[in-house]
Amino acid sequence: MTEPANDVSNSRREIPAEHVELMQQIQRLALRSGQLMQRMYESGGDAASATEAITRINALDRERDLTEIKARAAGVPAEWIDRVRTLGQRGFEWREDQPLPDPAPQGRRRTVQRVADDIERLKDMAAVHTAYQHTRGPGDTETGMETVVAQQLHRNMEAVWMRAGRAAHAIGMDAGERAALWSVTSAEWQRRVDHYLGGRDIADLHTRWRKYGDVTVAAEARKSLAKMRRAGQHGPDVPLPDMPMSPTRMLLEAGTSIAIQPAPQGADGDPITTAIDAALSDGTSTTWHEDAAPLPGADLYSAAPGVDSQIHP
């Protein structure tokens, strides 16, 4: 048998050890299944032995299918999974210098859309939180649940913010593309906040606010960041690229939009930007760490009777 020709040997690549191990398992399972199939046909045994062989082959194939699913979830390129499966089925054992095809280019358009969705989500989270806070009376005391949700909402924004910035850098979005997504004018903040305050059902606003303060938002973003970490695109040793507007600034700008009237036609500068620049002049930190400890009180989600139904509408 001749091994399929290919351009690039994996000895020239830096493949994560986890990916190598998964590909070895896939190729080994495909090889064993193929060997059993060949022996079954060559032996010409009775129906009972054939049934036993088929049962073992099916079990190996199911295990391989599950391993392939795990490999895809871990970020192993589909072309590599297909190649090692084919090599195993053709009777080849894994070799350290085994050639693998070049992965297809990332679906840039799809990733750009996901970055845009993340930025839109961040803007909406800031507007919803601002509107929610505005509906509370000046003398209202914040409940324990409200404190937990508000803190988690900010942490969720930081996680989505990190994913958006890292993904934009990974696909090489240029300065113009980033600016088109990152920027928000004072008029836009006012429209966004007014959308939730202008006669909208307060119950709907509160439900949306609690959804944005659900721990699953950050958990979802961390899954993506974990994949980026394995690809060397994220981690404490990877410098931050040009990032979107920070969650702290978004919340401040959205909050300021309620108090500041629209600038007169032709006025210089943006009133919200001017106000927030002054507010952030103390060097407020906007760095987020995915391994940060859970928020104090986060166990209230499951520990307090009746709270879960309120936070997870």
Side-chain angles (χ1 to χ4, degrees), residues 1-114 163 166-167 170-172 219-235 237-238 290:
M1 286 181 285
T2 302
E3 187 171 333
N6 195 38
D7 296 331
V8 183
S9 166
N10 68 9
S11 61
R12 305 179 201 169
R13 307 178 189 270
E14 293 183 1
I15 303 176
E18 179 189 12
H19 292 190
V20 172
E21 182 179 351
L22 288 166
M23 289 190 290
Q24 287 175 332
Q25 292 176 12
I26 292 168
Q27 187 163 337
R28 182 172 63 250
L29 290 166
L31 175 63
R32 289 172 59 192
S33 174
Q35 289 172 337
L36 281 175
M37 181 73 72
Q38 184 175 359
R39 282 202 296 267
M40 182 185 70
Y41 284 120
E42 289 177 349
S43 65
D46 55 21
S49 56
T51 300
E52 181 182 355
I54 290 173
T55 300
R56 293 174 61 192
I57 290 168
N58 289 340
L60 288 168
D61 290 343
R62 280 195 300 271
E63 186 178 353
R64 193 199 70 238
D65 288 341
L66 292 173
T67 306
E68 290 186 15
I69 292 171
K70 185 177 179 180
R72 285 193 291 271
V76 179
E79 296 87 351
W80 294 2
I81 295 173
D82 292 341
R83 173 55 62 87
V84 296
R85 184 201 312 116
T86 299
L87 289 174
Q89 290 170 340
R90 294 184 181 181
F92 295 103
E93 295 185 358
W94 174 270
R95 292 200 334 256
E96 290 300 323
D97 62 346
Q98 183 166 285
L100 294 170
D102 289 325
Q106 291 184 346
R108 190 178 189 279
R109 181 178 300 178
R110 183 174 59 184
T111 304
V112 168
Q113 183 58 53
R114 288 176 178 174
R163 176 173 66 183
R166 290 295 197 193
I171 61 173
E220 175 198 6
R222 288 193 185 102
K223 289 181 181 178
S224 302
L225 289 168
K227 292 181 181 179
M228 294 183 196
R229 180 190 286 272
R230 288 192 291 267
Q233 299 166 341
H234 174 60
D237 299 327
V238 182
E290 67 174 289

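Taking the side chain as every heavy atom from C-beta outward, Thr55 and Glu52 never approach each other to under 4.5 Å. Looking at heavy atoms from C-beta onward, Trp94 lies out of side-chain contact with Leu31 at the 4.5 angstrom threshold. In this structure the side chain of Met228 never reaches within 4.5 angstrom of the side chain of Val238, judged on heavy atoms.
To the nearest 0.5 Å, atom CD1 of residue Ile26 and atom CG of residue Leu66 are 11.0 Å apart. In this structure, Asp61 CG and Gln89 CD are separated by 8.0 Å, a value rounded to the nearest 0.5 Å. Rounding to the nearest 0.5 angstrom, the gap separating the CD atom in Glu63 from the CZ atom in Arg32 is 7.0 Å. Once rounded to the nearest 0.5 Å, the distance linking CD of Glu96 with CD of Gln24 reads 6.0 Å. Going from atom CZ of Arg85 over to atom OG of Ser33 covers 11.5 Å, rounded to the nearest 0.5 Å. Once rounded to the nearest 0.5 Å, the distance linking CD1 of Ile57 with CE of Met40 reads 5.0 Å.
Residues Ile81 and Ala71 approach most closely at CD1-CB, 3.8 Å, considering heavy atoms. Listed here is the closest heavy atom pair of Leu225 and Arg163: CD2-CA, 3.8 Å. Of all the heavy atoms in Val84 and Gln27, the pair that sits closest is O-CG, 3.4 Å. Residues Ile171 and Thr111 come closest through the heavy atom pair CG2-CG2, 3.5 Å.
The residues Arg64 and Glu68 are annotated as salt-bridged, a charged nitrogen and a carboxylate oxygen being separated by less than 4.0 angstrom. With respect to the salt-bridge test (charged N to carboxylate O, under 4.0 angstrom), the residues Asp65 and Arg62 do not qualify.
Remark: side-chain polar atoms of Arg230 are paired, donor with acceptor, to backbone N or O of Ala74 under 3.5 angstrom.
Applying the 6.0 Å contact sphere to CD of Glu18 captures more than 12 heavy atoms from other residues, nucleotides or ligands.
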